[in-house]
Structure formats: structure tokens, C-alpha cells
Amino acid sequence: MSFLKTIPGILFCSLIGAGLTFLGLPMALMFGPIIVVIIAFRFGIELSVPKHTLTFIQLTLGTSVGLMFNQVHLGSADNLIILLLTLVICLAIQFFVSYFWFYRHIGWTKEEAMLGAVPGAMAAILALTDHTKTPPQKIVISHTIRLMVLIIMAGIIVGGDKANMPEFALPQMTMLSFTWLLLIVAVGLFSGLLLQKIRFPAPFMLTSLGSAVLIQSFVSEPIAFPMLLNELSMVLIGMNIGAHFVVFPLSSLIKNAFSSVQVVIINVILTVIVAFSAAYLTGVPWETLVLAWAPGSMEAMTFAAITMNVDAAFVMSNHIFRMLIIQSIPSVALFWNERKQKKSNINKE
């Protein structure tokens, strides 16, 4: 019954998001529901999402990204190792600078600073905050502001031009591809439930991504993914984010938003510096590397790359690797930290 009560709110948020998308607002399916939830709350209306929404989002986005993995090509393998190592270095710099800024300068707790500093992966962060019971409001604001700033930057780079991405379009759904898709989701869900049994945090995005990459590599049939599910996931993420925004009074919201903007600007400057260095070593244009390593939306950065006539496949590939890294490391780190604390408590007893 509670699920049925949420359907009207989801449909209304979807309609608003679709309307804003039609008007040309970037990522409107996420930002639209955020605005709707905040405004509805001011009128005493609470728009909630179903209980297992985060699991659905993880499975959807993990499967979608996993299916993209085998469709992109890095082009020339020259300097590939150097570029991947530099990507890891860039992520590490972005993370540690953001962590110390949140922890030392702003005064967040270590858990809040760690989750707020992860450069991207909003769905994974929401799931991790839910697992660790860390108050998510400041973290969600930080990631949302970061995403907004980077989308605005990509929009400035792109300008008013429009482009599409036919090279990344998934094939048409067939009965056979639908069967394989169900298998991918089932394997991702089952393996995620097994990891949950040993208290591995937010596993479903990782397991579904791995399931999609593994199964598709053995299957000759092109596996389609319903774009409607991706769009629904964006709406649900937006509603979830909006629910966290309404907790803060306006003064606290402005304070946290300003701190988050500072972190984004620092991260962008650091990314440009690393990109210049890598461009000097490898000969890859620095603009391409900035778009590939920016801690923001894969869709926005790839769109900007297409419009700038740079290697969009390279940009998208790097963002897929980046997502894989930043979804894996926090989960693994929290998992081992919990095991270490558990052993320590047993020894004390």
C-alpha cells in the first residue's frame, strides 16, 4: 500500500523532469524532482520514495554502465598505462584535498568528510550513507552542488549547440537480449545479497556492473537496456536528494553550498594541472583529459567532448573506469574498517 502511495509523486516528478528536459535543462530528470520535493515540502506535502529505491538505482545504473563498458574504445593503446595511472593519481589528489578541506577546514566528521570527498557517484554515496547511518544531508548537498557546477561548466563549453551520441546507443530490445538482461540483473542482485550478508556496504552497483561486463563478454547477442529505467533512476535519485535538502534551514544550506563550491573550484584547478602534466607526457590534448577526469557527470562531460570535437569515446571510457574505482574503494575501505573494528571489539572482550 505504501508503494501505491508513492506512485503519484513519482509520476508528477517525472512529468516535471520531462518538461524541463524538453526545455533543454541538463539532467532535468534529476534536478526537476529535487525542486518539486523542496517546493512540495514548503506546502506541507511529503513526497517519498519506495523502501528499496537505492537498491533499484544501484542495479539500474550498475547494469547500464556495465553494458556501456564493452561498447567504448580507447582508440590507440599508446601511453594507455601512463594515462590510467595518471587517472588514479588525479582521483587520489581530488579525494585527499577534498577530504582534508571538509575535515580540517569545515569541521565535518571523518565519515562525512570521506563520503563527501569521493569525486562523483551520487547513487553509490547515497547507498553508503544509508549503510553507515552517516547523516547524509551535508554529503548530498556537497555532491549535488559539485554536479551542478560541473554541468554548468560543461554547458558553457558546449554553448547552445546540440549533439547526440549514436556511437553509444544501445541496440533494440529483443526477446533474447531481454533474457540475457534478466540474467545480468539476477546475478547482480544475488551476488549483492551475498555480499550484504557479510556486511559489504552498497554492493549492488558493483555486482551488477561486474555481472554486465562478464556476461556480455561471453555473449554475441547485443544486450539492450531500457532507457526508461535509467530515466526512472534519475527521477528517484532527484527525489531522494530533495528529501535531504529540506532538512536544512536556509542559512545552513547556503553555508554548506558555499563550502562545496570552494571544493569544486579547487578540484577543477587540480584536475587542469594534472591534465596539463599528462598532456605534456603523452601528447593527448589537455582539454580531452580535463573532460575525462573531471569529478562530474559522465553524460555531461561526454556531451561536451562530442560538441568540442574531441575523443568522446576516450572521455566516456575514463569516466567508466573512474566510476568503477570510486564505487569500489569506499565500499572496500568501509568493509575492512568494519571488520577491523569488529575484531578489535572481540579482542577487548
Are side-chain heavy atoms of Leu29 and Asn230 found at a separation under 4.5 Å? no

Any sub-3.5 Å donor-acceptor pair from Ser64's side-chain atoms to Thr60's backbone N or O? no

Path from Leu15 to Phe22 over hydrophobic side-chain contacts below 4.5 Å: no

When every non-hydrogen atom of Ile38 is compared with those of Gly242, the smallest separation belongs to CG1-O, 4.1 Å

More than 12 foreign heavy atoms under 6.0 Å from CZ of Phe12: is that the case here? no

In one Ile/Leu/Val/Met/Phe/Trp/Tyr side-chain cluster, 4.5 Å: Leu11, Ile35: no

Test item: Phe56 and Leu229 side chains (from C-beta on) under 4.5 Å apart, heavy atoms: yes

Taking Ile184's backbone N and O only, do any of them form a donor-acceptor pair with Ser211's side chain (distance below 3.5 Å, no angle check)? yes

Please find the pair of heavy atoms, one from Trp293 and one from Leu83, that lie closest to each other, and give the distance. CZ2-O, 3.6 Å

Yes or no on side chain to side chain donor-acceptor pair (under 3.5 Å) for Gln58 and Ser208, after CA distance, side-chain angles and deciding distance? CA-CA 8 Å; Gln58 289 182 77; Ser208 57; over 6 Å; no

Trp108, CH2: over 12 other non-hydrogen atoms inside 6.0 angstrom: yes

Taking the side chain as everything from C-beta on, heavy atoms only, tell me whether Tyr99 gets closer than 4.5 Å to Lys110. yes

Find out whether Tyr103 and Met114 are in side-chain contact, i.e. whether some heavy atom of one side chain is under 4.5 Å from a heavy atom of the other. no

Trace of the side chain to side chain contact (heavy atoms under 4.5 Å, CB included) decision for Thr63 with Leu209: CA-CA 5 Å; Thr63 303; Leu209 191 153; over 6 Å; no

State which residue, out of Val49, Ile16, Val235, Leu47, fulfils the side-chain contact (heavy atoms from CB on, under 4.5 Å) condition with Pro33. Val235

Can you hop from Leu23 to Phe31 via hydrophobic side chains spaced under 4.5 Å? yes

